[in-house]
Number of protein chains: 2
Amino acid sequence: MQITPAELEIMNVLWDQPGIGASEIAEELKDDKSWNIRTIKTLVGRLVEKGALTTEPDGRRYLYRPAIKRGDYQKKAAKQFVDRMFGGRAAPLVAHLADSRGLTPEDIADLEALLGELKK
Amino acid sequence: MQITPAELEIMNVLWDQPGIGASEIAEELKDDKSWNIRTIKTLVGRLVEKGALTTEPDGRRYLYRPAIKRGDYQKKAAKQFVDRMFGGRAAPLVAHLADSRGLTPEDIADLEALLGELKK
DNA sequence: CCTCATTGACTACGGTTGTAGTCGATACGT
DNA sequence: ACGTATCGACTACAACCGTAGTCAATGAGG
């Protein structure tokens, strides 16, 4: 299931607040994206078509919630990205992130803990 | 400069072997992708248009080479991906890769070395 | 009740992407 | 010198993407 960047914005809102309607999504996004409510409804419609969202009637409207878990999607996307971009090797990716200051000290601490786990 | 997935396949070949022509690219890709030579020429043409490749005449054909460094492009793409997908946090990405076996023992060793550097 | 705002369904439309065909020029084998 | 393969330039075209408009139904407010 392919989710485009614009659609991902919608998914992110719904992963944070499952079970809201289109206008609540619009409300949530209005500061970041200047999207017309129509645009949001189109994106939501496409996500429903793709099976990425489930619908639940609520009066004359629908409430939406993700049909896939955020973590599952992230994992698949991460693997695909690393494969395409780095031939499947993760270390160069992390090196680049470090180099472009993508890593905070907190990230580094997290990674250390993670590596400790992995070595076991 | 936006490079699409299909175009990236071309770039990867040329980053490995700069200065070859379209038919050599096709030769290189024929095992992985079943692309018509026309398709490859179209992709190469679009990359030249975008300024991602430079051309050098060689008889009646061109030799191509990347106009941007692989590392630079990877760095930019990695940052963009982490921003969009993980809100800029790298650690969850690495955790997902580890979970989906994206990390070989060698990767883990590399990461350890890298973290050692970063802590300094 | 009547008007107005809002909803989902459907439609629109220009740009991008993947995939490839056509065409005219040209090099290469015989 | 002639046919054939190959080159780059141009063209094609459907699917997808971002962005939004139209429409008919329906609910909310006076």
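The chains referred to below are lettered A, B, ... by the order of the sequence lines, with proteins before strands, and numbering in each begins at 1.
- Separating the CG atom of L47(A) from the P atom of dG8(C) is a distance of 14 Å, rounded to the nearest angstrom.
- When side chains are defined from C-beta on, V48(B) does not count as touching Y62(B), because their heavy atoms never get closer than 4.5 Å.
- Residues from residues 53-65 of chain A lying near DNA chain C, meaning a heavy-atom separation below 4.0 Å, are R60(A), R61(A), Y62(A), Y64(A) in numerical order.
- Straight-line distance from the NZ atom of K33(B) to the C1' atom of dT19(C): 12 Å, rounded to whole Å.
- To the nearest angstrom, C1' of dA9(C) lies 17 Å from CD1 of I40(A).
- Distance I10(B) CD1 to dT19(C) C1': 12 Å, rounded to the nearest Å.
- Residues I3(A) and I68(A) form a side-chain contact, since some pair of their non-hydrogen atoms from C-beta on lies under 4.5 Å apart.
- Residues E9(B) and R84(A) are not paired through a salt bridge, judged by the lack of any N-O separation under 4.0 Å between the basic side chain and the carboxylate.
- In summary, R61(A) and E56(A) do not engage in a salt bridge, as defined by a charged side-chain N under 4.0 Å from a carboxylate O.
- Shown are E28(A), R70(A), Q17(A); of these, the side-chain hydrogen bond (donor to acceptor under 3.5 Å, both in side chains) with N12(A) is made only by R70(A).
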**Message:** What does the B/S/- profile of nucleotides 15-22 of chain D look like, 5' to 3', with a 4.0 Å heavy-atom cutoff to protein?
**Reply:** --SBBBBB

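- Between H96(A) and F86(A), the angle of the ring planes lies from 30° to 60°, which puts this pair in the tilted group.
- For E24(B) and dT6(D), the CD to P distance is 12 Å, given to the nearest whole Å.
- Between K75(B) and D72(B) there is no salt bridge, since none of the side-chain N atoms of the basic residue sits less than 4.0 Å from a carboxylate O of the acidic one.
- Distances shorter than 4.0 Å separate some side-chain N or O of K41(B) from OP1 or OP2 on dC7(D).
- For K50(A), the NZ atom counts as densely surrounded, since its 6.0 Å shell holds more than 12 non-hydrogen atoms of other residues, nucleotides or ligands.
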